[in-house]
Amino acid sequence: HTQSQDFKVADLSLAEFGRKEITLAEHEMPGLMAIRKEYAEAQPLKGARITGSLHMTVQTAVLIETLVALGAQVRWASCNIYSTQDHAAAAIAAAGVPVFAWKGETLEEYWWCTEQALTWPDNPIGGPNMILDDGGDATLLVHKGVEYQKTGELPSADNEELAAVRTLLETSSLDWTGIAAQIRGVTEETTTGVHRLYEMQRDGTLLFPAINVNDAVTKSKFDNKYGCRHSLVDGINRATDTLIGGKTAVICGYGDVGKGCAESLRGQGARVIITEIDPICALQAAMDGYQVTTLDEVVETADVFITTTGNKDIIMASDMAKMKHQAIVGNIGHFDNEIDMAGLAKIPGIVKDEIKPQVHTWTFPDGKVIIVLSEGRLLNLGNATGHPSFVMSNSFADQTLAQIELFTKPDEYPTGVYVLPKHLDEKVARLHLDALGVKLTTLRPEQAEYIGVQVEGPYKPDHYRY
Ligand code: NAI
């Protein structure tokens with residue numbers, strides 16, 4: 001690892017390769033590049049000290065450099081132990097941005113990286129004034145730190161993740177309460193992180209305002225869906241190179257991610273089966289032409305199993321024991337608790353073998369093998385490179401506009417959880433039309449009046465679902 005100054009990455013010599021891919025990505029990220037141009041002079045993020053905790057990929061590098069171009073100082077960590085693209089991290093470090101991320105961190109290293117991203121050496125309190133989060137881990141660490149300082153109580157060590165947080169807090173010298181007091185807000189990228197924020201708001205424990213970027217239409221209806229439609233098969237292919245056509249694939253969950261995943265595998269010619277707990281999503285899946293049934297019904301016969309629920313305990317060890325030889329099991333939801341990896345490891349006589357990084361076979365005592373991708377962590381980032389640039393340009397344009405909102409208008413956002421105002425959501429979509437050759441029809445004033453909107457938008461009421 002290279003850590004000569006204020007960063008830690010796998011290999012700084014990958015910086016040139018990273019820079020070349022960042023340059024290619026910039027052209028595919030018209031939303032971010034347009035925002036750079038629009039705000040170059042105004043510098044709305046001048047004075048912002050942004051701690052980012054989000055997969056350190058090529059696309060994220062373009063986001064980081066956009067924040068910097070708008071005046072921000074930035075420190076970064078990845079939000080998953082397997083998701084960093086080492087060449088992207090190297091290029092960002094070489095450009096002088098403190099980044100702490102490499103592919104294949106241990107959990108202890110992961111939380112150390114998050115702490116480094118939250119540590120601002122030249123600030124008297126030592127922390128950021130903004131967080132840009134994906135899954136909520138940076139936000140969680142600050143909240144757990146404050147709780148520890150207040151009550152002297154460490155987080156319980158009943159899961160691996162929290163045990164690592166506990167270890168970190170025991171040794172950390174950061175002033176968590178002081179840091180939390182300086183934070184103007186957090187912008188949160190994903191469904192699972194947003195869940196955590198609404199929970200804290202409900203319990204009255206949320207310490208600063210938050211923008212739920214995930215539920216911007218140009219985020220969840222694009223990144224979660226079309227992004228996964230691209231990167232799910234990419235992950236399965238890079239991991240296994242197995243032919244998908246003709247196989248039976250089970251997708252657990254038919255939310256935004258599940259919809260994209262189902263389409264992705266159907267596009268490859270798989271017979272796709274959905275499991276759901278929500279009658280609305282189950283009905284949607286049925287109307288889209290998929291069989292909807294329970295895992296129990298198909299666990300012995302399907303070839304591929306993908307979890308997309310953001311919920312826990314979806315595929316248990318006892319399920320995996322029933323699967324057929326060389327069934328493929330993977331998760332694309334944010335956390336690794338959808339597949340019971342701990343239970344799998346506890347099956348007497350089971351043998352785990354590494355085929356290559358992030359691809360493991362598990363051999364049962366009777367000789368049956370299943371293939372588990374990325375140890376149950378999100379496989380599109382573990383086995384492939386996540387979503388492509390164009391779709392991330394939408395998500396990250398939302399992120400950037402959300403950062404500007406919270407940083408420049410603190411009075412308009414008292415502590416609570418907000419979504420991006422609709423005019424900004426529409427703006428982000430608009431920024432991506434030219435690149436795809438889309439010609440938009442302009443509303444005539446009398447038409448606008450007839451449907452009760454302004455010619456320049458917003459075009460839909462807040463309850464509209466797209
Ligand atoms: P969502 O809430 O739209 O969809 C999840 C679906 O799973 C819901 O329809 C829910 O009813 C269903 N579900 C819950 N428990 C279930 C169970 N026991 N069995 C079957 N279905 C069940 O959420 P979304 O946006 O689709 O996100 C899902 C997860 O993916 C989240 O953890 C999110 O953070 C993550 N995510 C991952 C991305 C990636 O690139 N890997 C990209 C975007 C989101």
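We count ligands from 1, going down the list as the structure has it; atoms in each ligand are counted the same way.
In this structure, Y413 has its ring center closer than 6.0 angstrom to the ring center of Y418. Taking the six-membered ring where the residue is Trp, the centroids of H27 and F390 are separated by 6.0 Å or more. Aromatic pair Y459/Y464: centroids not less than 6.0 angstrom apart.
Distances below 4.0 Å separate heavy atoms of I314 from the following atoms of ligand 1: 17 (C), 18 (N). For ligand 1, the atoms sitting less than 4.0 Å from at least one non-hydrogen atom of D278 are 11 (O), numbered in the order shown with element in parentheses. Atoms of ligand 1 lying under 4.0 Å from at least one heavy atom of I332, given by number and element, are 30 (O), 37 (C), 38 (C), 39 (C), 41 (N). For ligand 1, the atoms sitting less than 4.0 Å from at least one non-hydrogen atom of G333 are 29 (C), 30 (O), 32 (O), 35 (C), numbered in the order shown with element in parentheses. Those atoms of ligand 1 with a heavy atom of N380 less than 4.0 angstrom away are 39 (C), 40 (O), 41 (N). Atoms of ligand 1 lying under 4.0 Å from any heavy atom of H387, numbered from 1 in the order shown and given with element: 40 (O), 42 (C). Those atoms of ligand 1 that come under 4.0 Å of a heavy atom in T275, given as number and element, are 20 (C), 21 (N). Near C281, meaning under 4.0 Å from one of its heavy atoms, ligand 1 places the atoms 9 (O).
Salt bridge D398/K219: absent, no basic N to carboxylate O contact under 4.0 Å. Between E263 and R229, at least one side-chain nitrogen of the basic residue sits less than 4.0 Å from a carboxylate oxygen of the acidic one, meeting the salt-bridge criterion. With salt bridges taken as basic N to acidic carboxylate O contacts below 4.0 Å, none links R377 and E338. Ion pairing between a basic and an acidic side chain is recognised when a charged N comes within 4.0 Å of a carboxylate O; E405 and R184 show no such pairing.
Classified by interplanar angle (parallel below 30°, tilted 30° to 60°, perpendicular above 60°), the ring pair W112/F100 is perpendicular.
With hydrogens left out, the protein atom closest to atom 32 (O) of ligand 1 is T192 OG1, 2.5 Å, a heavy atom. Of the protein's non-hydrogen atoms, the one nearest atom 2 (O) of ligand 1 is T191 CG2, 4.1 Å. Looking only at protein heavy atoms, the nearest one to atom 8 (C) of ligand 1 is E276 OE2, 3.4 Å. The closest protein non-hydrogen atom to atom 15 (N) of ligand 1 is N311 ND2, 3.1 Å. The protein heavy-atom contact nearest to atom 33 (C) of ligand 1 is T190 OG1, 3.4 Å. For atom 26 (O) of ligand 1, the nearest protein heavy atom (residue, atom name, distance) is V257 N, 2.8 Å. When hydrogens are left out, the protein atom nearest atom 35 (C) of ligand 1 is H334 N, 3.6 Å; that is the closest non-hydrogen contact.
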List the steps, then state whether side-chain contact (heavy atoms from CB on, under 4.5 Å) holds for M392 with M29.
CA-CA 7 Å; M392 294 315 294; M29 302 188 85; 3.9 Å; yes
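With hydrogens and angles left out, the side-chain atoms of N383 and D234 include no donor and acceptor closer than 3.5 Å.
If you check each of I280, V292, I277 against atom 14 (C) of ligand 1, the one with the closest non-hydrogen atom is I277.
Atom CG of L378 is separated from atom CG of N80 by 5.0 Å, given to the nearest 0.5 angstrom. Going from atom CG of N331 over to atom CE of M341 covers 10.5 Å, rounded to the nearest 0.5 Å.
Only backbone heavy atoms of T308 (N, CA, C or O) come within less than 4.0 Å of ligand 1; its side chain stays farther off. Both the backbone and the side chain of T309 come within 4.0 Å of ligand 1, judged by heavy-atom distances. With a heavy-atom cut-off of 4.0 Å, L378 touches ligand 1 through its side chain alone.
When only interatomic distances are considered, the shortest N/O to N/O separation between D223 and ligand 1 does not fall below 3.5 Å.
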